[in-house]
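Note that the structure is a prediction, hence the values are computed from the model and not measured. All residue numbers refer to positions in the sequence shown, counting from 1. Any value given below was found using the heavy atoms of this structure, including those in side chains, with hydrogens, waters and symmetry copies removed.
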Amino acid sequence: MMKNINKLIKIVLFGLIILSVLIFLGITIAHGIVFSRADYDEYDSEHYLVYDDIDQNKYPREQIVVKSGENDISAFLYENDNAKGFIVVAPGHRDANDIKLYEIRDFVDAGYSVVCLDYTGCYTSEGNSMKGYSQCVYDLDALLDFMESDKRFEDMPIYLFGHSMGAYAVCAELQFEHNISKVVAASGFDTPEEQWQYSIERYTGAVYPVVKPFNSLFIYLKYGDDRDLSAVDGINSVSIPVLVISAEDDTFYGGHSPIYDKMDEITNSNCEFVLMDKKNHNGHYDYFLTDAALEYQKSEPKADVDKELYMEHDEEVMNRIIDFYDH
């Protein structure tokens with residue numbers, strides 16, 4: 001009888017070990033897929049702008065290459081001869097620099113020069129993978145180091161603009177002590193740990209409590225101290241104006257963006273908060289878009305897509321951001 005019980009215990013323990021290994025392996029594979037290299041073969045150029053689509057005489061650009069860790073990363077400078085300053089644009093997760101052309105043109109038209117980068121492992125930059133959430137902060141840091149050493153950027157205010165992972169980057173980077181004048185962070189998360197925990201919870205649902213300990217171990221091993229590299233800490237490390245924009249019903253976060261949700265923890269008295277709660281414009285990105293754009297997207301155009309209409313930006317939202325930089 002005891003032999004049978006002992007055998008059963010060994011089988012159960014062996015099964016638990018195998019299950020644990022499989023869960024940890026699954027998390028590792030998932031992270032590898034999420035942060036795998038992003039190239040133009042997966043960029044939807046049928047619906048979204050690429051540089052060849054716009055007036056290159058009006059918006060000429062220059063490629064800048066800087067070293068970030070062991071990789072060369074690429075950024076593009078859209079220079080305005082009478083610029084009020086430079087706006088550095090940080091894209092979202094797996095977003096190409098091209099998809100920010102909608103915002104870039106508005107910033108140039110408003111009198112700013114713009115620099116927009118591709119992160120490590122993305123599009124025009126080197127790297128076999130994107131590595132993880134914190135890499136975007138180090139890439140932005142490398143770009144700002146370059147700008148501060150280049151005479152073209154001398155004596156000009158530098159502003160930051162980021163959406164989603166880019167919003168995380170422009171806030172967390174403030175701890176790196178660059179001379180930044182203002183920051184706009186739209187739909188950003190706070191730390192790599194929180195965001196990866198939520199990502200796994202979102203896709204595992206009811207079994208998440210079983211998965212969480214393994215996910216916590218993965219985050220500890222993968223990110224080390226960077227797991228706590230915080231956007232909120234970045235905002236609190238400075239006294240410059242920061243505009244935090246959040247949607248009311250952001251499915252990427254299960255509600256408000258994490259930075260917005262932590263407003264009570266933010267001690268920077270020059271930090272402003274805006275909640276986008278207009279119907280049909282209260283999600284992760286749709287508050288940037290017009291009603292006409294959302295209607296057009298809903299029609300699911302397949303051929304001869306009007307890329308300008310597909311992502312037509314709301315003037316009121318863009319003007320609010322530009323006014324924040326101006327004043």
Side-chain angles (χ1 to χ4, degrees), residues 38-40 43-45 48-56 58-68 71-80 83-127 130 135-148 150 152-153 156-173 178 180-188 245 285 288 307-308 311 313 317-318 321-322 324-325:
D39 282 309
Y40 277 105
Y43 180 76
D44 186 1
S45 58
Y48 304 126
L49 289 176
V50 293
Y51 184 59
D52 286 345
D53 293 323
I54 71 170
D55 185 344
Q56 296 179 21
K58 186 177 181 181
Y59 304 102
R61 74 179 187 182
E62 172 193 344
Q63 187 172 18
I64 296 170
V65 177
V66 302
K67 183 69 73 175
S68 179
N71 293 303
D72 285 340
I73 63 167
S74 174
F76 293 91
L77 167 62
Y78 302 79
E79 202 155 11
N80 188 315
K84 307 170 190 175
F86 290 89
I87 298 177
V88 179
V89 175
H93 178 254
R94 302 191 77 80
D95 281 344
N97 68 86
D98 303 73
I99 206 167
K100 307 314 288 178
L101 286 166
Y102 299 94
E103 290 101 336
I104 288 168
R105 291 180 304 178
D106 281 354
F107 292 149
V108 173
D109 291 345
Y112 293 92
S113 290
V114 179
V115 182
C116 183
L117 78 160
D118 279 330
Y119 303 121
T120 294
C122 290
Y123 304 98
T124 62
S125 292
E126 290 182 349
M130 297 172 63
Q135 185 60 41
C136 63
V137 183
Y138 295 116
D139 290 343
L140 181 57
D141 181 54
L143 176 60
L144 292 172
D145 280 341
F146 169 82
M147 292 177 68
E148 288 171 353
D150 191 301
R152 286 176 296 180
F153 305 99
M156 291 289 283
I158 294 177
Y159 308 101
L160 304 181
F161 171 80
H163 171 259
S164 192
M165 191 173 79
Y168 162 70
V170 298
C171 292
E173 180 281 331
H178 292 286
I180 305 302
S181 296
K182 293 183 181 181
V183 175
V184 175
S187 300
I245 303 173
Y285 189 79
F288 278 101
K307 297 183 185 182
E308 297 288 359
M311 289 285 284
H313 274 42
V317 173
M318 291 306 299
I321 292 169
I322 290 165
F324 176 78
Y325 290 133

_With no hydrogens and no angle check, just 3.5 Å: does a side-chain donor-acceptor pair link D98 and Y40?_
yes
*Quick check: does any side chain N or O of S187 sit under 3.5 Å from a backbone N or O of S164, one acting as donor and the other as acceptor?*
no
*Under 30°, 30 to 60°, or over 60°: which ring-plane class applies to Y48 and Y43, parallel, tilted or perpendicular?*
tilted
*Mind checking what makes side-chain hydrogen bond (donor to acceptor under 3.5 Å, both in side chains) contact with S113, not counting sequence neighbours?*
none
*For Q63 against S74, the heavy-atom pair lying closest together*: NE2-OG, 2.7 Å
*Would you name the heavy atoms of Y119 and S125 that are closest together and state the gap between them?*
O-CB, 3.3 Å
*Any idea which heavy atoms bring L140 and V170 closest together, and the distance?*
CD2-CA, 3.8 Å
*By side-chain hydrogen bond (donor to acceptor under 3.5 Å, both in side chains), which residues pair with Y102, not counting sequence neighbours?*
none
*Got M130 and C122 here, is their nearest side-chain heavy-atom distance under 4.5 Å?*
yes
*Under 4.5 Å between any side-chain heavy atoms of H163 and V184, yes or no?*
no
Under 3.5 Å, sequence neighbours excluded: what are the donor-acceptor pairs made by side chains of residues 84-94?
residue: K84; atom: NZ; partner: A110; partner atom: O; Å: 2.7
residue: K84; atom: NZ; partner: D326; partner atom: OD1; Å: 3.1
residue: H93; atom: NE2; partner: V34; partner atom: O; Å: 3.0
residue: R94; atom: NE; partner: E42; partner atom: OE2; Å: 3.2
residue: R94; atom: NH1; partner: V34; partner atom: O; Å: 3.1
residue: R94; atom: NH1; partner: S36; partner atom: O; Å: 2.7
residue: R94; atom: NH2; partner: S36; partner atom: O; Å: 3.4
residue: R94; atom: NH2; partner: R37; partner atom: O; Å: 3.1
residue: R94; atom: NH2; partner: E42; partner atom: OE1; Å: 3.2
residue: R94; atom: NH2; partner: E42; partner atom: OE2; Å: 3.1

*What is the distance from atom CD1 of I104 to atom CD1 of I54, rounded to the nearest 0.5 Å?*
8.0 Å
*What distance do R105 atom CZ and H313 atom NE2 have between them, rounded to the nearest 0.5 Å?*
9.0 Å
_Can you list everything that forms a salt bridge (charged side-chain N to carboxylate O under 4.0 Å, His left out) with D72? Sequence neighbours excluded, please._
K67
*Heavy-atom closest contact (V137 atom, A172 atom, distance)*: CG2-CB, 4.0 Å
_I need the full list of side chain to side chain donor-acceptor pair (under 3.5 Å) pairs touching residues 137-146, with sequence neighbours left out, sorted by first then second residue._
S68-D139, T120-D139, Q135-D139, Y138-D226, D141-H178
*Spacing of CD1 belonging to I64 relative to CZ belonging to F76, to within rounding of 0.5 Å*: 9.5 Å
*Drop me the distance from F324's CZ to I245's CD1, to the nearest 0.5 angstrom.*
9.0 Å
*Just by distance, do the side chain of D53 and the backbone of V50 share a donor-acceptor pair under 3.5 Å?*
yes
*Side chains of D109 and Y59: do they bring a donor and an acceptor to under 3.5 Å?*
yes
_Using only atom types and a distance under 3.5 Å, with no angle test, would you say the side chain of D118 pairs donor to acceptor with the backbone of N97?_
yes
*Centroid separation F107 to Y78 less than 6.0 Å*: no
*Determine yes or no for a side-chain-to-main-chain donor-acceptor pair under 3.5 angstrom, with N71 supplying the side chain and I73 the backbone.*
no
*Side-chain contact test, heavy atoms from C-beta onward, threshold under 4.5 Å: evaluate it for V115 versus M147 and give yes or no.*
yes
*In Å, rounded to the nearest 0.5 Å, how long is the span from OG of S181 to CG of L160?*
9.0 Å
*Mind checking salt bridge (charged side-chain N to carboxylate O under 4.0 Å, His left out) for E173 and listing every partner two or more places apart, or none if nothing turns up?*
none
*Step by step, would you call I180 with L144 a side chain to side chain contact (heavy atoms under 4.5 Å, CB included)?*
CA-CA 9 Å; I180 305 302; L144 292 172; 4.1 Å; yes
_Non-hydrogen side-chain atoms of Y325 and F161 separated by less than 4.5 Å_ = yes
*side chain to side chain contact (heavy atoms under 4.5 Å, CB included) between I321 and F288: does it pass, once the steps are laid out?*
CA-CA 11 Å; I321 292 169; F288 278 101; 3.8 Å; yes
*Once you round to the nearest 0.5 Å, how far does CZ of R61 lie from CG of L101?*
7.0 Å
*Please name the pair of heavy atoms, one in A167 and one in A186, separated by the smallest distance, quoted to 0.1 Å.*
CB-O, 3.4 Å
*Decide yes or no on side chain to side chain contact (heavy atoms under 4.5 Å, CB included) for R152 and L77, but give the supporting numbers first.*
CA-CA 11 Å; R152 286 176 296 180; L77 167 62; 3.9 Å; yes
